[in-house]
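Sequence lines set the chain letters: A, B, ... in the order given, protein chains first and strands last, and positions in each chain run from 1.
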Amino acid sequence: MELKLNQYLTPFDLEHTLQCGQLFRWEKHSDWRYGVVEKQVLKMRQTKDTLEFEGVNLDFVENYFRLGDNLPQIVSEINRDPLINQAVKAFSGLRIVRQAPLECLISYICATYKNIPAIKNMIHELSKRFGEEITFDNHEFYAFPEIDALAKAALYELRDCKLGFRAKFVQETAKMVNCGKVDFKTLKEADYETAKEELLQLPGVGNKVADCVLLFSLEKLEAFPVDVWMKRVVEKHYTNYFDASFIKKLLKKQSLSTRDYNRLSSFARNYFGKNAGYAQEYLFHFFRNKAL
DNA sequence: CTCCAGGAAAGTC
DNA sequence: GACTTTCATGGA
């Protein structure tokens with residue numbers, strides 16, 4: 001199928017969206033991009049204003065890539081200074097993707113203290129061992145595991161997937177989700193603060209992981225995950241919004257206390273507005289790729 | 001070989 | 001409450 005995009009009204013860039021670090025499961029074969037989403041293989045490519053896709057219907061594509069978000073409006077709201085302006089110009093058309101909550105949650109628990117290539121490998125290993133195999137265009141893909149498969153996984157099996165110390169967190173979180181202790185549908189309907197509080201009960205989920213799950217899979221676009229890159233961005237470009245002693249403390253410390261995390265995150269929420277999560281994603285991608 | 005990774009939890013003061 | 005250490009392993 002094919003979708004004609006008006007890049008002025010509905011800007012979208014497939015490459016920026018897939019490569020900005022929010023997703024860990026897309027592969028490139030020839031000039032096509034393949035992703036496994038909810039047990040379906042989605043095959044896509046983009047040339048200028050034409051988005052070609054196979055495997056799913058139009059509604060699915062529009063929902064997954066949040067084409068309903070008024071991106072020009074959002075960008076104009078978050079575009080508060082020359083730095084973010086550079087980022088939104090450099091990666092015009094980057095959109096936040098509507099991920100499946102379970103996959104998002106487990107992925108970001110695994111992302112703790114790992115680089116992106118290693119994270120991708122962990123998620124692939126988990127899917128290969130516990131997920132359903134799907135063949136598409138003579139390539140093998142694996143759906144992300146069902147919750148009960150993860151909940152009854154043995155610790156050694158999870159460790160075999162290169163999870164290291166994260167194996168225990170994944171196992172225990174999967175058990176808690178499986179027995180209904182946390183319900184994603186409820187969290188989607190809850191407000192940001194309430195939903196975050198619930199997520200923080202899960203082992204392996206701290207402030208940053210919770211905010212990633214809220215932003216990427218639970219409809220909380222005000223979530224602003226503060227990782228090492230956002231810390232660097234603040235230290236380098238937004239120092240005049242904090243007192244010198246606080247910045248000095250940030251530079252000295254390696255990890256953030258909850259209080260310091262919230263100070264940075266809520267600053268960004270006030271500064272960039274209700275779609276601060278979009279600002280985070282543009283800044284993250286911009287800094288990880290070039291600036292420093 | 002060394003360094004560090006989209007941090008979180010447990011321990012210490 | 002604030003600061004420090006530990007955690008397991010792959011990628012660069």
Side-chain angles (χ1 to χ4, degrees), chain A residues 16-26 87 91 94 96-97 99 103-126 128 155-174 176 196-217 220 223-236 243 245-265 268 276-292:
Chain A
H16 291 158
T17 299
L18 296 184
Q19 291 189 12
C20 71
Q22 61 182 320
L23 297 162
F24 303 110
R25 299 251 290 146
W26 282 76
F91 298 106
L94 187 164
I96 286 174
V97 166
Q99 296 189 38
E103 177 171 347
C104 187
L105 172 63
I106 301 300
S107 295
Y108 282 93
I109 289 176
C110 290
T112 297
Y113 209 46
K114 276 290 177 188
N115 57 29
I116 290 179
I119 300 164
K120 287 181 174 174
N121 194 38
M122 287 187 276
I123 307 305
H124 177 74
E125 293 286 326
L126 277 178
K128 189 169 181 177
L155 206 54
Y156 76 88
E157 294 180 295
L158 296 171
R159 284 187 183 278
D160 276 354
C161 297
K162 320 290 173 65
L163 297 197
F165 64 84
R166 303 158 197 82
K168 192 73 183 169
F169 294 151
V170 168
Q171 185 188 52
E172 290 179 358
T173 286
M176 287 173 71
K196 182 164 181 177
E197 226 170 286
E198 290 295 312
L199 285 176
L200 288 175
Q201 295 180 14
L202 298 169
V205 178
N207 289 299
K208 186 266 174 183
V209 171
D211 276 330
C212 284
V213 177
L214 291 164
L215 175 62
F216 299 132
S217 73
K220 307 294 186 280
F224 190 93
V226 179
D227 53 31
V228 287
W229 292 98
M230 289 308 108
K231 185 167 169 284
R232 288 168 193 162
V233 168
V234 169
E235 287 164 355
K236 207 164 173 58
D243 24 303
S245 60
F246 179 65
I247 297 295
K248 200 171 171 184
K249 192 167 76 171
L250 282 187
L251 288 165
K252 193 169 58 181
K253 292 201 309 180
Q254 61 286 41
S255 60
L256 294 169
S257 65
T258 292
R259 176 186 284 272
D260 293 345
Y261 181 98
N262 287 333
R263 202 177 296 184
L264 293 176
S265 190
Y278 263 100
Q280 196 271 5
E281 214 48 20
Y282 279 100
L283 288 173
F284 175 81
H285 196 35
F286 187 62
F287 267 70
R288 203 169 60 89
N289 277 285
K290 44 181 302 202
L292 245 185

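Cation-pi geometry between A:R232 and A:F287 is not met at under 6.0 angstrom from the ring centre and within 45 degrees of the axis.
A side-chain donor-acceptor contact under 3.5 Å links A:R166 to the backbone of A:T112. In this structure a side-chain-to-backbone donor-acceptor pair under 3.5 Å is present from A:K231 to A:L250. A:T173 places a side-chain N or O within 3.5 Å of a backbone atom of A:F169 that can act as its donor or acceptor partner. The main-chain N or O of A:V97 is found under 3.5 Å from a side-chain atom of A:Q22 such that the two form a donor-acceptor pair. The backbone N or O of A:S245 sits nowhere less than 3.5 Å from a side-chain atom of A:D243 that would complete a donor-acceptor pair.
Qualifying side-chain hydrogen bond (donor to acceptor under 3.5 Å, both in side chains) partners for A:Y113, counting only residues two or more places apart in sequence or in other chains: none. With sequence neighbours excluded, no residue forms a salt bridge (Lys or Arg N to Asp or Glu O under 4.0 Å) with A:E281. Not counting sequence neighbours, the partners of A:D160 by the side-chain hydrogen bond (donor to acceptor under 3.5 Å, both in side chains) test are A:R129. Under the rule for a salt bridge (Lys or Arg N to Asp or Glu O under 4.0 Å), the partners of A:D260 that lie at least two apart in sequence or sit in another chain are A:K249, A:K253. In this structure A:K248 satisfies the salt bridge (Lys or Arg N to Asp or Glu O under 4.0 Å) test with no other residue, sequence neighbours excluded. For A:K120, there are no salt bridge (Lys or Arg N to Asp or Glu O under 4.0 Å) partners at least two apart in sequence or on another chain.
Interatomic distance, A:D211 CG to A:L200 CG, rounded to the nearest 0.5 Å: 8.0 Å. A:Q99 contributes atom CD, which lies 5.0 Å from atom CG of A:L23 (distance to the nearest 0.5 angstrom).
Nearest-nucleotide positions on DNA chain C for A:P117 and A:Y113 put A:Y113 closer to the 5' end.
Aromatic rings of A:F224 and A:F284 (six-membered ring for Trp) have centroids beyond the 6.0 Å cut-off, not under it.
Read 5' to 3', the first and last nucleotides of DNA chain C with an atom closer than 4.0 Å to a heavy atom of chain A are C:dA2 to C:dA12. Put simply, chain A comes within 4.0 Å of DNA chain B, heavy atom to any atom, from B:dA5 to B:dA9, going 5' to 3'.
A heavy-atom distance below 4.0 Å to DNA chain C is reached by none of the residues of residues 103-111 of chain A. Near DNA chain C, meaning a heavy atom under 4.0 Å away, there are no residues from residues 207-215 of chain A. Less than 4.0 Å separates DNA chain B from at least one heavy atom of each of the following residues of residues 161-172 of chain A: A:F165, A:F169. DNA chain B lies under 4.0 Å from no heavy atom of any residue of residues 250-258 of chain A.
Annotation: B:dG6 and C:dT4 have their P atoms spaced 23 Å apart (nearest Å). B:dG11 sits 14 Å from C:dA8 when the P atoms are compared, rounded to a whole Å.
Counting any heavy atom pair closer than 4.0 Å across all strands shown, A:L202 reaches sugar-phosphate atoms only and no base atom. Using a 4.0 Å heavy-atom cutoff across all strands shown, A:G21 reaches at least one base atom of the nucleic acid. Nucleic acid contact for A:E125: none, since no nucleic acid atom lies under 4.0 Å from a heavy atom of the residue.
No side-chain heavy atom of A:V213 sits under 4.5 Å from any side-chain heavy atom of A:V205.
By the 30° and 60° cut-offs, the orientation of the rings of A:F91 relative to A:H16 is perpendicular.
Within a 6.0 Å radius of CD in A:Q201, more than 12 heavy atoms belonging to other residues, nucleotides or ligands are found.
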